There are 2 protein chains.
Amino acid sequence: MENRAAIAQAAVSEFSSRGYHGATIDAIADKAGMSKPNLLYYFPSKEVIYRTVLEQIVEEWLSPLMTLDPAADPVEELRRYITLKMRMSADRPQASRLFASEVLAGAPILKDFLETRLKSLVEEKSAILQGWIDAGKLAPVDPVHLIFMIWATTQHYADFEAQIDAVTGAQSKKPGFNEQASQAVLSILLNGIKPR
Amino acid sequence: MENRAAIAQAAVSEFSSRGYHGATIDAIADKAGMSKPNLLYYFPSKEVIYRTVLEQIVEEWLSPLMTLDPAADPVEELRRYITLKMRMSADRPQASRLFASEVLAGAPILKDFLETRLKSLVEEKSAILQGWIDAGKLAPVDPVHLIFMIWATTQHYADFEAQIDAVTGAQSKKPGFNEQASQAVLSILLNGIKPR
DNA sequence: CAAGATTTTGACCATTTGGTCGAAAGTTTT
DNA sequence: AAAACTTTCGACCAAATGGTCAAAATCTTG
């Protein structure tokens with residue numbers, strides 16, 4: 001259904017910049033090119049729209065972590081993962097901000113998801129990291145915190161874009177900025193976890 | 001004025017958990033223990049309350065960075081700064097989330113502040129970092145991105161508390177968690193920037 | 001092309017909410 | 001203790017907004 005997709009896209013844009021309460025059905029409908037009652041023909045309520053787009057985003061967000069390969073070289077594997085997350089932040093900053101906004105508010109909708117699927121995924125991947133550490137291929141560091149740090153640094157470039165733009169004088173709009181940021185992040189994180 | 005302080009505190013709590021639009025004057029007044037008209041006797045409007053608490057927070061947020069001492073040992077100085085930021089995240093998570101929420105929304109109120117005072121502070125402190133790099137005391141890495149990374153990782157523990165709680169099974173409530181997190185963050189960041 | 005199904009929307013409603021107002025309650029000053 | 005000033009609040013208003021509904025427009029199908 002073409003219309004549902006247009007609505008979802010408009011919703012991500014509105015929810016991410018104005019927050020759940022700040023976004024209005026009217027504005028979403030406008031952006032999707034239809035009237036409010038027409039939008040409500042496709043989605044029963046504002047909350048259902050919100051849940052729907054959140055769920056989509058969360059699925060996409062998860063997938064890169066799921067591919068972590070225990071057989072690969074740890075540093076190269078993490079380089080790949082970090083690079084991928086940096087690209088996602090650059091490509092879909094609104095999606096990142098919508099997710100962040102939900103978690104900031106205490107994750108009222110995603111709480112269950114975070115406690116179940118995300119928790120077990122993190123546990124699973126932490127075990128892989130711990131295996132690498134035990135094999136002496138990574139410096140000894142709590143794997144869960146390492147995962148948090150990767151999320152924090154990579155998503156920061158999307159979530160705090162306004163601050164980064166302000167501080168760098170909108171350098172972040174220029175092509176190559178993302179590569180430069182990736183270089184810095186990779187350099188610090190990978191050096192930080194290489195065994196000495 | 002005791003009442004203004006109570007209002008400000010209630011406002012930080014409401015704005016940080018419900019966002020600007022989700023927070024209501026009534027709820028803030030309730031939490032501050034007074035009626036809505038009474039609250040509006042102390043602050044002329046919701047937006048002024050918001051601006052006021054944001055400005056307070058931003059001042060506090062800035063101060064640790066200002067103390068960076070070029071004469072000190074780089075690694076020890078950064079250890080001090082990171083530890084301080086981690087403690088701030090643990091002590092005042094709501095303040096952190098309110099700031100994050102403002103930036104997430106595109107920093108409509110703080111834009112000017114970020115482009116002027118924060119920008120020049122970052123430039124000033126970047127120069128110190130660059131000096132350390134030139135002296136061979138730090139690994140060569142873009143100082144601005146290093147500052148972003150420190151902000152990202154430390155504030156993550158406040159801003160994404162809901163996610164961290166969910167994933168760690170509320171371990172983060174236990175005493176010692178913050179120390180453990182600080183250890184991990186310090187270990188990775190400091191190792192990441194030590195010259196090799 | 002007519003009957004039926006789907007999609008679209010203008011008009012409307014109920015609730016929420018930011019903010020006002022006038023008066024009451026409390027405090028300070030003379 | 002009366003006047004003057006500060007603080008508090010019940011009642012109210014106007015605008016915004018989530019959602020409904022019946023009818024119109026459009027599309028599908030026998």
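Since the structure is predicted, the reported quantities are computational estimates derived from the model, not experimental observations. The chains referred to below are lettered A, B, ... by the order of the sequence lines, with proteins before strands, and numbering in each begins at 1. FYI, side chains are in, hydrogens and waters are out, and symmetry mates aren't considered; it's all heavy atoms of this structure.
- Note: CD (E14(A)) to P (dG18(D)) measures 11 Å, nearest angstrom.
- Between Y41(A) and dT9(C), a side-chain N or O to OP1/OP2 separation shorter than 4.0 Å is absent.
- Relative ring orientation between F148(A) and Y157(B) is described as perpendicular, the plane-to-plane angle rising above 60° on a 0-90° scale split at 30° and 60°.
- Using the six-membered ring where Trp is involved, F99(A) and W61(A) have ring planes that are tilted, between 30° and 60° apart.
- Judged purely by atom type and a 3.5 angstrom limit, W151(A) has no side-chain atom pairing as donor or acceptor with the backbone of K85(A).
- Straight-line distance from the CG atom of N3(A) to the C1' atom of dT26(D): 13 Å, rounded to whole Å.
- Annotation: side chain of L54(A) is not in contact with side chain of F113(A) (no heavy-atom distance under 4.5 Å).
- When rounded to the nearest whole Å, the span between CZ of F43(B) and C1' of dT8(D) equals 16 Å.
- Distance CD (E2(B)) to P (dT8(D)): 11 Å, rounded to an integer number of Å.
- Within the 4.0 Å cut-off from OP1 or OP2 of dT6(D), not a single side-chain nitrogen or oxygen of N38(B) is found.
- Regarding D30(A), its CG atom lies at a distance of 12 Å from the P atom of dT17(D), rounded to whole Å.
- In this structure, K46(B) forms a cation-pi arrangement with Y20(B), its terminal cationic atom sitting closer than 6.0 Å to the ring centre and no more than 45° off the ring axis.
- If you look at H145(A) and F177(B), their ring centroids are closer than 6.0 Å.
- Summarising the geometry, the separation between CG on L39(A) and P on dT17(D) is reported as 15 Å, rounded to the nearest angstrom.
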A correct 5'-to-3' footprint of nucleotides 17-22 of chain C, with B, S and - meaning base, sugar-phosphate only and no protein heavy atom under 4.0 Å, is SBBBB-
